[in-house]
2 protein chains.
Amino acid sequence: MQTTPGQPWISQVEALCLKRGLQMTALRREVAGILASSDQPLGAYAIIQKLSDMQSRIIAPPTVYRTLDFLVDNGFVVKIESRQAYIACDHLGHDHDHHGIVLSCVKCGRSSEIDSAAIEKEVAAIAVGCAFKVERKVFEIDGVCADCTVA
Amino acid sequence: MQTTPGQPWISQVEALCLKRGLQMTALRREVAGILASSDQPLGAYAIIQKLSDMQSRIIAPPTVYRTLDFLVDNGFVVKIESRQAYIACDHLGHDHDHHGIVLSCVKCGRSSEIDSAAIEKEVAAIAVGCAFKVERKVFEIDGVCADCTVA
DNA sequence: TCTGCATCGTTACACCTTAACAAGTCCGAC
DNA sequence: GTCGGACTTGTTAAGGTGTAACGATGCAGA
């Protein structure tokens, strides 16, 4: 999570929930907040730990996994499959099922999301060519980011 | 695994090992064979199970994971990150680190690999634009395959 | 009030992956 | 021949990831 265009990220999420008739509960707000304030992707158990610390009681895995499912299903959070970790989604306004390409740095561990209309178009073309009906895309790239290349 | 251009897949793997000075041991051959003869991606524990059945003794996880690492590192097998499952790689001749795009059908469970020069090119362009040094690509698409769309 | 529905809590378990160390095997150097 | 070094495999044990199942809570509308 890095961009904050006008509204803070969490406020944008709240607004989208309101617009779509979704319930932004205290728990969901906390989990979203944990992800939004992290500069790195967090695993489910890291979130469980942070949440347990915040609430001074043990939060069991299913509570967090359900919350993550909600956030991912509604496009507020992205799961990085190749790392089993979660980040707050940069591109909130887009379609539910729209996913950008996740770039993860193997040195600093930070991830960012980018969009590519050209790749979207190519994927669509491939899908047509194969008669394949696309439901979900997982496009992730690992490597060394600009900051870490300099250093 | 579906294509068999001339040589059977396992023979091609053997030939590549010979050429590169890699040891194709009995264990590696068996694991490769298990994957080659499956029409679906297999999880690590499914492979452990099959191998244990074949050898009539319990094979412990590290044995299989090490073997899978070898096969994946050398481009003989592809891990589908979003499913934590493995398939025999269709495109054997290519670079070690070359990965195609994996299409997985959510109905029949089968996966296939395709290449796209256009997407390769786009990814390279994005990498240049972001000053990002690509080391690994995970490109996976879930959806409904042609066969299952008809049915 | 009663009922239905979505959310959240809790227990228990299954699956996936790795660390660490021991044992076996093969091959070249001496 | 045998010694040492590399690569491979076996074994034990544990840690990380994810889910099924069921109960409790809380809120909206009949």
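Nothing here was measured: the structure is a model prediction, and the numbers come from that model.
Put simply, the side chain of B/R83 gets close to the backbone of B/G109: a donor and an acceptor are under 3.5 Å apart. Formation of a donor-acceptor pair under 3.5 Å by the A/Q12 side chain with backbone atoms of A/Q7 is found in this model. Using modelled atom types, no side-chain atom of A/E81 and backbone atom of B/Q84 make a donor-acceptor pair closer than 3.5 Å. Of the possible polar contacts, one joining the A/S52 side chain to the A/I59 backbone as a donor-acceptor pair under 3.5 Å is found.
Regarding B/R29, its CZ atom lies at a distance of 14 Å from the P atom of D/dT8, rounded to whole Å. Distance, A/I48 CD1 to C/dT11 C1': 14 Å, rounded to whole Å. Distance CG (B/L68) to C1' (C/dC15): 15 Å, rounded to an integer number of Å. Atom OH in B/Y65 sits about 17 Å away from atom P in D/dT9, given to the nearest Å. Rounded to whole Å, the distance from CD on B/Q23 to P on C/dG24 is 18 Å. The distance between atom CG of B/D73 and atom C1' of D/dT8, rounded to the nearest whole Å, is 15 Å. Counting to the nearest Å, the P atom of D/dT17 and the CG atom of A/L42 are 11 Å from each other. Look at CE on A/M24: it is 16 Å from C1' on C/dA6, rounded to the nearest Å.
Contact annotation: A/K79 does not reach the phosphate of D/dT17 (side-chain N/O to OP1 or OP2, under 4.0 Å). Close to D/dG18, at under 4.0 Å from its OP1 or OP2, lies no side-chain N or O of A/R66. Of the side-chain N and O atoms in A/T63, none sit less than 4.0 angstrom from OP1 or OP2 of C/dT10.
Nucleic acid contact for A/R83: none, since no nucleic acid atom lies under 4.0 Å from a heavy atom of the residue.
Map B/A60 and B/L27 each onto its nearest nucleotide of DNA chain D; the residue landing nearer the 5' end is B/L27. In terms of position on DNA chain D, the residue among B/T25 and B/P62 whose nearest nucleotide sits closer to the 5' end is B/T25.
Of the listed residues (A/I114, A/V138, A/D115), just one forms a side chain to side chain contact (heavy atoms under 4.5 Å, CB included) with A/I101, and that residue is A/I114.
Side-chain atoms of B/R28 lie closest to D/dT8 of the nucleotides C/dC16, C/dT10, D/dT8.
The base of D/dG15 has none of its N or O atoms less than 3.5 Å from a complementary donor or acceptor on the side chain of A/Y45.
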